[in-house]
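Reviewing the structure listed below.
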There are 2 protein chains.
Amino acid sequence: MRVATFNVNSLRSRLPILERWLPGAGVDVLALQETKVQDQEFPLADVEKLGYRAAFRGEKSYNGVAILSKQEPDEVIHGFADGASPLWDTRLIAARFGDIWILDTYVPQGKEITHPDYEAKKEFLRRTAALIAARKDEKLLWTGDLNVAPTELDVTNPANKKEHVCFVKELRDLFAQLCAPLVIDLLRVHHPGEELYSFFDYRVKNALERRIGWRIDHMLATPSLAKQSLACWIDAEPRGWEKPSDHTPMLADFAD
Amino acid sequence: MRVATFNVNSLRSRLPILERWLPGAGVDVLALQETKVQDQEFPLADVEKLGYRAAFRGEKSYNGVAILSKQEPDEVIHGFADGASPLWDTRLIAARFGDIWILDTYVPQGKEITHPDYEAKKEFLRRTAALIAARKDEKLLWTGDLNVAPTELDVTNPANKKEHVCFVKELRDLFAQLCAPLVIDLLRVHHPGEELYSFFDYRVKNALERRIGWRIDHMLATPSLAKQSLACWIDAEPRGWEKPSDHTPMLADFAD
DNA sequence: GTCGTCGTTG
DNA sequence: CAACGACGAC
């Protein structure tokens, strides 16, 4: 099985990229983030034309997650469904395919370390960790845009990002202590020590060619699923196409 | 020599259309209107890549005229240059190629017959007529978006346009008395009686296929130039392409 | 820099 | 319907 994650930064704006990329990518399950589309506006016909089904929850302008798949999922969950507020339905979606859970999150970016959104980001990560802990013996892949660069290897210039909400030490510590122990970072299993990025800021001129980016999108597997991991990689090509997202897809193959 | 006129409704937005249309169009001189670009933002590099030079005067958001040409013009004039205010530099540009003047105007639309802009429109037409009268024995082509549909043949439904600033009888009378006697309507020389339009409102669904439009862009030649007229036609194709202007190009061929 | 929003124009 | 400007988000 091949799984991919892609922060599309507007699904409707990215349909040409998906139409160019997906047919040849051999992807069985695709986790999308920042679809930025309300459910009644979701471009289901275009997705179906590409041979995929879709489970989704979005809102106008912001957020939005979707799981596209060749096969119908056996079960779909939106948000944390733990009764607590906020529900975060447009930032977390999970779908089960047989005994494998695909957990797709768009973790709040956090804006500034002094901003309430940064507190919400930490809360989101804590609740996600709790959710995974409850299924730690199951096969589960936590994927999506996590807005966390876990180590110094995961950003181009760590020195000038010490105050950044995706790299500040407090956040990395939280991630390392609460999240990382539950799951295995598949990109690092297959590519230890490599400077690989999944996000290249639009505002940085020629960021892709200059390799100025961030690794904030991830494929993190529970141990039982990690055993099946065959490969994990970032496909930087779509970032270089016309009208790209600022993120580029990441993929992982699993033995059946 | 082949001359064309095209109200692009934003030159920068229309570069893909120009890049698709111009290379095969065989145009020597192209009069543009509604470039909607300040001079310092004019996409000169793109125009030069297409093999053209450019004389232009534009402003932010509104108006803007340009004359693109394979050959460097011998002389360029902006506005009426008659000392009177307003100067209307971003609505009138003229370029001389040898003994032929190309006068490119974007005549004010006028908004409403009760609006001050409608008075300004009539004044613009009077001053243009005076300008042409002063050169009536020279070879001169008055082209551009004139925002005048001269006759009932030139709009789809004349009955419901009697109050429209581009068709109201007062305006047609002014045009017929002041402008028309000075020049020859080349489209009508070559296509008398045909329902041909150069403008199709974006707001009218499938206006092109339903042939609901206006003939408000023109090619009007002084008698000495009209003698050289070989053909004149509207190319409706670009109106059907992706991200079109609401106008479509009009062309004219002249014997050397 | 490229998204989305809204209100304004023709 | 498709430009524009302004704004907010990342």
Side-chain angles (χ1 to χ4, degrees), chain A residues 7-17 33-38 41 58-64 90-91 106-112 115 117-118 121 145-149 161 164-167 198-208 212-214 216-217 238-239 241-248, chain B residues 7-17 33-38 41 58-64 106-112 115 117-118 121 145 147 161 164-166 199-208 210 212-214 216 239-247:
Chain A
N7 177 321
V8 285
N9 185 14
S10 171
L11 176 54
R12 286 174 295 183
S13 298
R14 227 53 66 209
L15 282 172
I17 293 275
Q33 307 86 40
E34 282 203 87
T35 55
K36 292 183 174 177
V37 63
Q38 294 173 103
E41 313 284 338
E59 60 193 278
K60 196 194 258 192
S61 294
Y62 301 109
N63 309 325
T90 61
R91 287 185 173 274
Y106 173 46
V107 176
Q109 193 256 8
K111 294 193 173 88
E112 293 278 317
H115 194 283
D117 282 11
Y118 176 64
K121 176 181 196 168
D145 179 356
L146 272 57
N147 272 315
V148 179
K161 287 175 186 70
H164 195 286
V165 284
C166 297
F167 188 66
S198 61
F199 168 78
F200 301 88
D201 197 313
Y202 286 132
R203 290 165 293 188
V204 177
K205 195 98 172 152
N206 296 119
L208 188 65
I212 300 174
W214 298 68
I216 54 179
D217 301 278
R239 184 61 179 82
W241 296 347
E242 285 280 284
K243 295 242 153 224
S245 171
D246 40 5
H247 294 250
T248 201
Chain B
N7 177 321
V8 285
N9 186 13
S10 171
L11 176 54
R12 285 173 295 182
S13 298
R14 226 55 66 210
L15 281 172
I17 293 276
Q33 305 87 39
E34 281 204 88
T35 55
K36 291 183 175 178
V37 64
Q38 295 172 103
E41 314 282 337
E59 60 193 279
K60 196 195 258 189
S61 293
Y62 300 109
N63 310 324
Y106 172 47
V107 176
Q109 195 257 6
K111 294 194 172 88
E112 293 278 316
H115 194 284
D117 282 12
Y118 176 63
K121 176 181 195 167
D145 178 355
N147 272 315
K161 285 175 188 69
H164 195 287
V165 285
C166 297
F199 168 77
F200 301 88
D201 198 314
Y202 286 132
R203 290 165 291 187
V204 176
K205 196 98 171 152
N206 296 118
L208 187 65
R210 293 162 68 200
I212 301 175
W214 297 69
I216 54 179
R239 184 61 180 83
W241 296 347
E242 285 281 281
K243 294 243 154 226
S245 170
D246 39 6
H247 293 251

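A quick note: this is a predicted structure, and the numbers were derived from the prediction, not measured. Letters A, B, ... mirror the listed sequences (proteins, then strands); counts begin at 1.
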Within a reach of under 6.0 Å around CD of B:Glu41, are more than 12 heavy atoms found that belong to other residues, nucleotides or ligands?
yes
How long is the line joining CG of B:Asp246 and P of D:dC4, in whole Å?
12 Å
In this structure, how many angstroms lie between the C1' atom of C:dT8 and the CZ atom of B:Arg203, rounded?
12 Å
Are A:Ser13 and C:dG4 close enough that a side-chain N or O sits under 4.0 Å from OP1 or OP2?
yes
Hey, is the side chain of A:Lys243 poking within less than 4.0 Å of OP1 or OP2 on C:dC3, counting only N and O atoms?
yes
Once the angle between the rings of A:Trp214 and A:Phe167 is folded into 0 to 90°, is it parallel (under 30°), tilted (30 to 60°) or perpendicular (over 60°)?
perpendicular
How many whole angstroms separate atom CG of A:Leu208 from atom P of C:dT2?
14 Å
A:Lys60 vs A:Val204, nearer the 5' end of DNA chain C by closest nucleotide:
A:Val204
Should B:Phe200 and B:Ile212 be marked as a side chain to side chain contact (heavy atoms under 4.5 Å, CB included) after you check the CA-CA gap, both sets of side-chain angles, and the distance that decides it?
CA-CA 7 Å; B:Phe200 301 88; B:Ile212 301 175; 5.8 Å; no
When we call it a touch if two heavy atoms are under 4.0 Å apart, what does A:Lys205 touch: a base, just sugar-phosphate, or nothing?
nothing
side-chain N/O A:Ser10 vs C:dG4 OP1/OP2, d < 4.0 Å
yes
Considering only heavy side-chain atoms of B:Tyr202, the closest of D:dA2, C:dC3, D:dC10 is D:dA2
So what does B:Tyr62 touch, heavy atoms closer than 4.0 Å: a base, only the sugar-phosphate, or nothing?
nothing
How many whole angstroms separate atom CG of B:Asn9 from atom P of D:dC4?
8 Å
May I have the step-by-step check of side chain to side chain donor-acceptor pair (under 3.5 Å) for A:Glu34 and A:Asn9, ending in yes or no?
CA-CA 5 Å; A:Glu34 282 203 87; A:Asn9 185 14; over 6 Å; no
Between D:dG5, D:dC10, C:dG10, which nucleotide has the shortest distance from any of its atoms to the side chain of B:Ser61?
D:dG5
Return the value, rounded to whole Å, for the distance between atom NZ of B:Lys111 and atom C1' of C:dT9.
8 Å
Whole angstrom value for the distance that separates P of D:dG5 from CZ of B:Arg12:
8 Å
Determine whether a donor-acceptor pair (N or O, by modelled atom type, separation under 3.5 Å) exists between the side chain of A:Ser198 and the backbone of A:Asp217.
yes
Atom pair distance, as rounded to whole Å: CZ in B:Arg210 and C1' in D:dC1
14 Å
Could you check how far CZ of A:Arg14 sits from P of C:dG1, rounded to whole Å?
16 Å
